[in-house]
Amino acid sequence: MNVWIAIGVTVLGCYAVKLAGLLVPAGALERPLVKRLAALLPVALLAALTAQQTFADGQTLVLDARAAGLAAAAVALMLRAPFLLVVAAAVLVTAGARAMGAG
């Protein structure tokens with residue numbers, strides 16, 4: 001029964017967040033600072049998620065094959081490679097590092 005309570009609380013929370021977003025006045029959303037923050041927030045969240053998934057294992061900090069894959073993706077991005085090539089480079093380097101015993 002605890003699972004259903006958690007699901008219900010989550011549903012109500014999601015609905016409340018959606019309702020709060022709809023109740024924000026349009027004038028508040030047109031401010032330059034709000035527009036800049038709205039443009040930068042997804043990038044910051046994606047960077048934080050990437051860092052957490054790459055360098056964390058539970059509560060510990062790790063440096064393994066995932067870090068090598070991320071570094072390969074960063075190099076490919078700096079060389080302005082197409083997105084599929086960036087993903088392929090990250091996958092191949094991560095798989096190669098794991099095959100050599102790096103994690």
- request: Supply the atom-to-atom distance T10 OG1 to I5 CD1, rounded to the nearest 0.5 angstrom.
  value: 11.5 Å

Distance (rounded to the nearest 0.5 Å) between L46 CG and L41 CG: 11.0 Å

query: What's the spacing between Q52 CD and D57 CG if we round to 0.5 Å?
result: 9.5 Å

query: Among the clusters formed by ILVMFWY side chains lying less than 4.5 Å apart, do V24 and V34 turn up in the same one?
result: yes

task: Might you point out which heavy atoms bring A81 and V86 nearest each other, and give the distance in Å?
output: O-CG2, 3.8 Å

Rounded distance [0.5 Å steps], OG1 in T54 versus CG in L61: 11.0 Å

statement: Sequence neighbours excluded, the answer for side-chain hydrogen bond (donor to acceptor under 3.5 Å, both in side chains) partners of Q59 is none

message: Quick check on side-chain contact (heavy atoms from CB on, under 4.5 Å): which of L63, V62, L70 does R66 satisfy it with?
response: V62

field: Spatial distance of atom CG (L19) from atom CG (L12) [nearest 0.5 Å]
entry: 11.5 Å

task: Identify whether V11 and W4 are in the same connected component of the hydrophobic contact network (ILVMFWY, side-chain heavy atoms under 4.5 Å).
output: yes

- line: Shortest non-hydrogen pair, A90 vs A73, comes out as CB-CB, 4.0 Å

